[in-house]
Structures are given as C-alpha cells and as structure tokens.
Trainee: 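I have a structure here, written as structure tokens, and I will follow up with some questions on it.
No experiment lies behind these values; they were computed from the predicted model shown. Throughout, numbering of the chain's residues begins at 1 and tracks the sequence.
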Amino acid sequence: MRIAILSLFAVLSIVSCKQKNKTNEQSAAAEKKDLSCCDAKLPKRFGAITGIDSLGSKEAEGKTSHEGMKFIPTGDFAMGASDNEGRPDEYPSHEVAVNGFWIDESEVTNAQFARFVKATGYVTQAERKPDWEELKKQLPPGTPKPAEELLQPASLTFKKPVKRININDVSQWWSWTEGASWKHPQGPKSNIIGKDNYPVTQVSWIDAAAYAKWAGKRLPTEAEWEYAARGGLKSKKYPWGDEDIATGKVKANTWQGEFPYTDLKTDGFASVAPVKSFAANGYGLYDMSGNVWEWTADWYTPDYYKTQKGKQSNPKGSAESFDPDEPTIPKKIIRGGSFMCHSSYCKGYRVSSKMKSSVDTGLENTGFRCVAN
C-alpha cells in the first residue's frame, strides 16, 4: 500500500491502494473484486484529533426524544462474517449480547441537522479552515506547508470517471473540493434545497457526535449497529436475508452497472436517496444497507474481533484507534455501505461489512444515525 497524491494537500488528501503494472492481463484483473483494497483506506481530511470519548459524548446535553426511533429488544447474535465473503477484520464471528436500546429509524436528515446548526451555531469540520499546526502532527517531519490557497475549507466529493479505470485507485473517483459541505454535498454549485428528507452527508465523526450530544443521544456502538441491522434475522448476509441484492425487487440504494463509471440507476437514484425510499428491515429500520455509510462510536483496529474471548456483553470496541496502514490517523468504524457500493468493489451493504475513516473527514457518501438508552 502507498499514499496517493491528489490535488489539495499533495501527500495529504486521498489514499489509494497499491497500483498494479498496466499489462493487458492486469488491466483485466483490475476489474475484478479487490476486497483488500476496498478495506484498506478511505479518503480523509488528515486532522490531528486525540482524546475523544469512544461513545461520542459522556453526557447527553439535550432532552432525549424517542420520536422517529425504534426500540431494539435485548438479545444476542453472532457478530461478524460467518461466510467466505468477509474481509479479515470481520472475523471471527463471535457471540455478543446487547441490552435493549432505541435507534433512529432512518439516517439523520438535512432538516434535522439544520435545526441543530440553527440552535447551536455549530460549524462542521468541512466548513473550517484546516489548522496546519495540527495537520503537520500526522505527517513526516519536515513536510513543507502547502500553499495557503490550498488550506481552505473543503471536503471530498465523488467524481464519476468517464471511462473504465483501475478500480484499485480511489483517486480516480474522489476529488477534494473547496466549498463542499453538508449544505453543498457535491461542491459549492450544489445545494440541499428541497432535500430536507435526504440523509445529511459531508459530516465528520466529530460533527455527528456533536449532533448526537445536542439531541440527547449518542452514536451506536458497532455491536448495536450490526444487531439492529440484522433486524432479528440469524446469520444472514443482508438486512432482508440471503437473497442477492440484484435478485428480485430493488432492496437498497447501491450501484448498478460497472463501478465507478457506469451507473444504470435501476434503483432509481444516481446518488443519495431520500430516507425510507426502500423497505425497512424486521425492526422497522430503513437504509441499514446502502444509501450512506454510517458512523459508529467504535475506534477501528483490524484485529479487535480476534481479541474477544467468550461471549461478549455490550462491547464498546477497542480503547484506541490503530490502523497499521496509517498508525498516526485516529479512525472510527463506519457501517452499512452506500450508493457507491457494488459487488465488484466493496459489497459494503452486507450486515457484517465495515470500513474506517478519520474522525474529522466528511464524505459525500457518509452520514449517521443515533441511539438512546
């Protein structure tokens, strides 16, 4: 693996998987599924953030309302992948018990996040000018400061390639875009007018945790999220069971066609869909598969499941973050997949699938939902 250079911060912006030599055979192979690449790294803002409470907030500030939430009963389940489709950090499957909790029936919407911003004056990470003094703490000593015009409020947006490309190079479809934020998810020329019921995106983990605290809630642990996503089903691949996503009726907002340059849009959407556009799972929860990735409370470590001995009760994940690919970057786990997920790439819409992203990074395909006790 290596760090790819993409516009804004030169060595700072987007991380891609190791490139293959471009022979005819390798070009063909690049079209095939590369799960290690999918799991390797996601684009990030590269801020230096430490000492953050693993549950997003130690004390809720707002008065909790269970309106728009579903109660998930106490129970146990086999967490992680139990088939051969998972990536290394999804194994081994292990028994987990979870106490009952409330969870938002859908992702937090633009309208909900707007109320939070109006009430608090909160400014998201994407809307803030990067702090070079903090930024350089995660870079090799002596890294030169980027030009001032590059250190501007920005976020990462999806840029669909015009032709077939090497699927292992994420820099081919992610672009660091000045002026992109939750109000302008695809860049300054875009907006969320008329999209009150769409999931809020371009929010970092820090932003999501701040909202949750204001709402009197918190972000779900990874165990709570997966337990809820399974909808009461046992040992199934997806929230709806084992039927392949391409079989039968449309089940979720994912990518159809050849990722990332041809989207057939047979699900009706080229990007994020309004919440509740597809059938709920057995617990009455929407979009637990596809649409947008969702932040969880847990720090990312690749071998956390392997450290668990015996049945676990309400696990809260690792005490700290560690990604061997980028050990200085604190990362949280994201779950559920997004509109960009495809079987040839990440298949992130499986209930056990996980990704990781730095806590101060916003993405066009990432949002969140909250839980409460």
Side-chain angles (χ1 to χ4, degrees), residues 1 4 6 14-43 81 83-91 156-175 229 236-273 278 287-294 325 334-357 363-366:
M1 300 296 175
L6 183 73
I14 287 188
V15 180
S16 73
C17 296
K18 185 177 181 180
Q19 299 294 295
K20 278 76 172 175
N21 293 327
K22 293 188 176 180
T23 64
N24 291 336
E25 293 82 1
Q26 288 165 326
S27 294
E31 299 174 22
K32 297 181 180 179
K33 177 166 55 180
D34 187 339
L35 293 178
S36 63
C37 172
C38 176
D39 185 55
K41 302 166 185 174
L42 280 176
D83 56 22
N84 61 359
E85 292 192 17
R87 291 178 289 275
D89 57 9
E90 297 177 42
Y91 298 103
L156 287 151
T157 60
F158 174 61
K159 177 184 65 176
K160 188 168 71 171
V162 297
K163 60 182 180 180
R164 182 177 289 116
I165 49 87
N166 185 343
I167 200 172
N168 296 321
D169 182 4
V170 299
S171 70
Q172 296 297 306
W173 62 83
W174 282 108
S175 176
K236 300 296 184 181
K237 293 181 182 180
Y238 314 109
W240 56 83
D242 284 330
E243 184 176 76
D244 188 81
I245 196 167
T247 302
K249 66 180 181 179
V250 179
K251 304 173 182 65
N253 181 17
T254 59
W255 191 278
Q256 299 89 45
E258 186 170 342
F259 183 80
Y261 85 100
T262 300
D263 185 7
L264 301 177
K265 296 180 284 189
T266 53
D267 59 10
F269 301 97
S271 182
V272 177
F278 302 90
D287 298 329
M288 299 302 282
S289 183
N291 213 21
V292 295
W293 286 98
E294 299 180 16
D325 294 318
I334 53 176
R335 286 298 209 114
S338 77
F339 68 89
M340 293 170 61
C341 285
H342 186 267
S343 60
S344 69
Y345 181 50
C346 69
K347 213 171 185 179
Y349 42 79
R350 294 176 299 107
V351 288
S352 64
S353 182
K354 67 172 76 180
M355 288 286 190
K356 57 197 175 184
S357 189
L363 292 158
E364 185 182 337
N365 67 346
T366 303

Trainee: Step by step, work out the side chain to side chain contact (heavy atoms under 4.5 Å, CB included) result for Thr266 and Val250.
Mentor: CA-CA 8 Å; Thr266 53; Val250 179; 5.5 Å; no

Trainee: Is it the case that the side chain of Lys347 and the backbone of Tyr345 share a donor-acceptor pair, with hydrogens and angles ignored and the cut-off at 3.5 Å?
Mentor: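 The answer is no, because no donor-acceptor pair under 3.5 Å joins these two groups.
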
Trainee: Using modelled atom types only, decide if a donor and an acceptor are shared between the side chain of Asp242 and the backbone of Lys237 within a distance under 3.5 Å.
Mentor: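 Yes; at least one donor-acceptor contact below 3.5 Å.
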
Trainee: Does the side chain of Asn166 come under 3.5 Å of the side chain of Gln172 through a donor N or O and an acceptor N or O?
Mentor: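 No, no side-chain donor-acceptor pair sits under 3.5 Å.
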
Trainee: Would Arg87 and Ser353 count as having a side-chain donor-acceptor pair, cut-off 3.5 Å?
Mentor: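 The criterion, which ignores hydrogens and geometry beyond distance, is satisfied for Ser353 and Arg87.
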
Trainee: Output the distance between atom CZ (Arg335) and atom CD (Glu294), rounded to the nearest 0.5 Å.
Mentor: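 Going from the CZ atom of Arg335 to the CD atom of Glu294 covers 10.5 Å.
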
Trainee: Sub-3.5 Å donor-acceptor pair from the side chain of Asn365 to the main-chain atoms of Phe339, do we have one?
Mentor: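 No.
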
Trainee: Looking at side-chain heavy atoms only, is the closest gap between Ser357 and Leu363 below 4.5 Å?
Mentor: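 Result yes, sub-4.5 Å side-chain heavy-atom pair found.
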
Trainee: Measuring from Phe259:CZ to Ser343:OG, what's the distance to the nearest 0.5 Å?
Mentor: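 With rounding to 0.5 Å, CZ (Phe259) is 11.5 Å from OG (Ser343).
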
Trainee: Indicate yes or no: at least one non-hydrogen side-chain atom of Ile165 is less than 4.5 angstrom from one of Pro260.
Mentor: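 Contact flag for Ile165/Pro260 side chains = yes.
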
Trainee: Measure across Ile245 and Ala252 and return the closest heavy-atom pair with its distance rounded to 0.1 Å.
Mentor: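 Minimum heavy-atom contact is CD1-CB, 4.3 Å.
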
Trainee: If I take atom CD from residue Glu90 and atom CD from residue Glu85, how far apart are they, to the nearest 0.5 angstrom?
Mentor: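 Nearest 0.5 Å value for the CD-CD distance: 9.5 Å.
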
Trainee: For the pair Trp240 and Ser289, evaluate side chain to side chain contact (heavy atoms under 4.5 Å, CB included) and give the outcome as yes or no after the intermediate values.
Mentor: CA-CA 9 Å; Trp240 56 83; Ser289 183; 3.6 Å; yes

Trainee: Are the side chains of Thr366 and Met355 in touch, meaning some heavy atoms are under 4.5 Å apart?
Mentor: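 No - every pair of side-chain heavy atoms lies 4.5 Å or more apart.
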
Trainee: Between Asp267 and Asn253, what is the shortest heavy-atom contact and its length?
Mentor: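 In terms of heavy atoms, the two residues are closest at OD2-OD1, 3.0 Å.
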
Trainee: Residues two or more places apart in sequence or in another chain: which of them pass side-chain contact (heavy atoms from CB on, under 4.5 Å) with Ala270?
Mentor: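 Checked Ala270 against side-chain contact (heavy atoms from CB on, under 4.5 Å); matches are Asp263, Lys265.
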
Trainee: Taking Tyr349 for the side chain and Met288 for the main chain, is one N or O donor matched with an acceptor at less than 3.5 Å?
Mentor: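 Pair absent, no side-chain N/O of Tyr349 close to backbone of Met288.
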
Trainee: Quick check: does any side chain N or O of Asp287 sit under 3.5 Å from a backbone N or O of Phe278, one acting as donor and the other as acceptor?
Mentor: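 No: the side chain of Asp287 does not pair with the backbone of Phe278.
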
Trainee: For a quick test of reading the model, state the closest non-hydrogen atom pair linking Gln256 to Thr254 and the distance between them.
Mentor: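 Closest approach of Gln256 to Thr254, heavy atoms only: NE2-O, 2.7 Å.
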
Trainee: Where do Trp293 and Ser338 come nearest, in terms of heavy atoms and distance?
Mentor: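 Trp293 and Ser338 have their closest heavy atoms at CD1-CB, 3.6 Å.
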
Trainee: Under 3.5 Å, is there a donor-acceptor pair between the side chain of His342 and the main chain of Glu258?
Mentor: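 Side chain of His342 to backbone of Glu258, a donor-acceptor pair under 3.5 Å: no, none is there.
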
Trainee: Shortest non-hydrogen contact from Lys356 to Ile334?
Mentor: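 That closest heavy-atom pairing would be N-CG1, 4.0 Å.
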
Trainee: Find out whether Lys251 and Tyr238 are in side-chain contact, i.e. whether some heavy atom of one side chain is under 4.5 Å from a heavy atom of the other.
Mentor: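 No - every pair of side-chain heavy atoms lies 4.5 Å or more apart.
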
Trainee: Do you know which of Phe158, Trp173, Tyr261 makes ring-ring contact (aromatic ring centres under 6.0 Å, His included) with Trp255?
Mentor: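 Going through the options one by one, the only one that passes is Phe158.
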
